[in-house]
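Taking it in order: structure first as structure tokens, then the write-up.
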Protein chains: 2
Amino acid sequence: MDGARSRERILDAAEELLSERGYAGTGIAAISEASGLPASSIYWHFESKEDLTAAAVERTTERWLEALEASEPGPEASSDEVVEWISQSLEEMGRQLPFFMRLSLLLGLEVGHREPALMERLRRGRERTRGVIRGTLERVLGLEGTKVDAPLADEIARLSMAFSEGASVARLFEPEGIDLARFVEDLATGMRAITAARQAEVSS
Amino acid sequence: MDGARSRERILDAAEELLSERGYAGTGIAAISEASGLPASSIYWHFESKEDLTAAAVERTTERWLEALEASEPGPEASSDEVVEWISQSLEEMGRQLPFFMRLSLLLGLEVGHREPALMERLRRGRERTRGVIRGTLERVLGLEGTKVDAPLADEIARLSMAFSEGASVARLFEPEGIDLARFVEDLATGMRAITAARQAEVSS
DNA sequence: ACGGACCTGGAACGATCGCTCCAGGGTGAC
DNA sequence: GTCACCCTGGAGCGATCGTTCCAGGTCCGT
């Protein structure tokens, strides 16, 4: 009866199952059971499994970026506040790991090379995430009295993302392996050192 | 006729397909076609798809660790040589990404939580990798005149792995996104800074 | 030459895959 | 009341899934 609500329920189920079992491992029957709606309803709302997957990725990405941007520190934020922000983002990432990160990683690895459109979607999500991080870094590193040009800010943002994502993967295999608070400190220390080294290199 | 050779061909095909399409995405028929052997031969050599997967993971992990240990710098290596070693290991990792890293990530994400035995196998491979890195770090950081205790070396090894793995994931989405040589420099810079900061913290 | 161990070829099993079809219930406009 | 539209229920399509069975080929020791 309520089509919009049904669509959301299907997306909820798809998001959860896809991020847990991957594309090939998630059957329409499983999504049907998890959402409580028959397969025909799924195919009324979505063209195909591929289409449903794309919609789930889209929604998950949008939610993740919303949460990320909402927590973004203001333009007057201190360096410590940014460290705090990164920490919170990572926790948010940790909470959304079954949805955003697992979905990106799993689908990117599994079907990325076979479905360029899906891969492009995932890539854009990553780019936008990097954009948010870069923007904050530029403002904050600028506030500290050092001049950071755009390419360097982009590189540091890339490295920060890689570092964080690697930590999330490590936590997947060993949930107790990485202390998140310590990790964020180390991330800040490392990125500051790399920024300093790169700037010294340019000016010499 | 030559059973041992057939077994290897099946493992080759399984390794390639599993690391590319994941567990659920790889059918016995596909492995049969890629190896040139009928399904019955696969089931003569292996009990089940699960058993074959475990064997493929085992062999890939062993090969990766062999390559890693073979390239390990000697006990007299300088800091620069270690950086060089890490760089080569990453390139090796890059070359073996479709086999070792993709396999670990994909299977860990996809079926890890459903198959604890497989997950344990993957975890052990990661632990041994970390052990090799930690051993080298201990020796090298020791040579630099600083005293590094075991827990710190372990933490730095964890962070190095996370950083490297994150970079590999980033390269999956954007192959041109990360300059490997620059990345290794940044890795060294960052880890040195983190080590120094952690040591200062302890001695204060 | 012969028995036996090792391995392959191909057919076939029930279950599940993504997907389609269509009858019919629910709801709002008129 | 009834018509049109939106959505659901369930049966069922051909294809593929993991797996099994077994006849028969190849190779070795004797």
Find the distance [X]:[atom1] to [N]:[atom2] and express it as a whole number of Å.
X	N	atom1	atom2	answer
Trp44(B)	dT19(D)	CH2	P	18 Å
Leu18(A)	dG18(C)	CG	C1'	14 Å
Phe46(A)	dC7(D)	CZ	C1'	14 Å
Asp51(B)	dG18(D)	CG	C1'	14 Å
Arg9(B)	dT8(C)	CZ	C1'	11 Å
Arg7(A)	dT8(D)	CZ	C1'	17 Å
Ile42(B)	dC7(C)	CD1	P	15 Å
Ile10(A)	dC6(D)	CD1	C1'	13 Å

Closest to the [X] side chain: [options]?
X	options	value
Tyr43(A)	dC7(D), dT8(C), dT20(C)	dT20(C)
Ala29(A)	dT8(C), dC17(C), dC7(D)	dC17(C)
Lys49(A)	dT8(C), dC19(C), dC17(C)	dC19(C)

- request: Please work out if Ile28(A) contacts a base, only the sugar-phosphate, or nothing of the nucleic acid, heavy-atom cut-off 4.0 Å.
  value: sugar-phosphate

task: Answer with base, sugar-phosphate or nothing: what part of the nucleic acid does Thr26(A) contact at a heavy-atom distance below 4.0 Å?
output: sugar-phosphate

Any salt bridge between [X] and [Y], counting N to O under 4.0 Å?
X	Y	value
Glu127(A)	Arg130(A)	no
Asp12(B)	Arg5(B)	no
Glu15(A)	Arg102(A)	no
Arg198(B)	Glu185(A)	yes
Arg128(B)	Glu62(B)	yes

So, does [X] get its side chain near the phosphate of [N], meaning an N or O under 4.0 Å from OP1 or OP2?
X	N	value
His45(A)	dT8(D)	yes
Ser48(B)	dG18(D)	no
Ser6(A)	dT8(D)	yes

query: Can a donor-acceptor pair under 3.5 Å be found between the side-chain atoms of Ser40(A) and the base atoms of dG10(D)?
result: yes

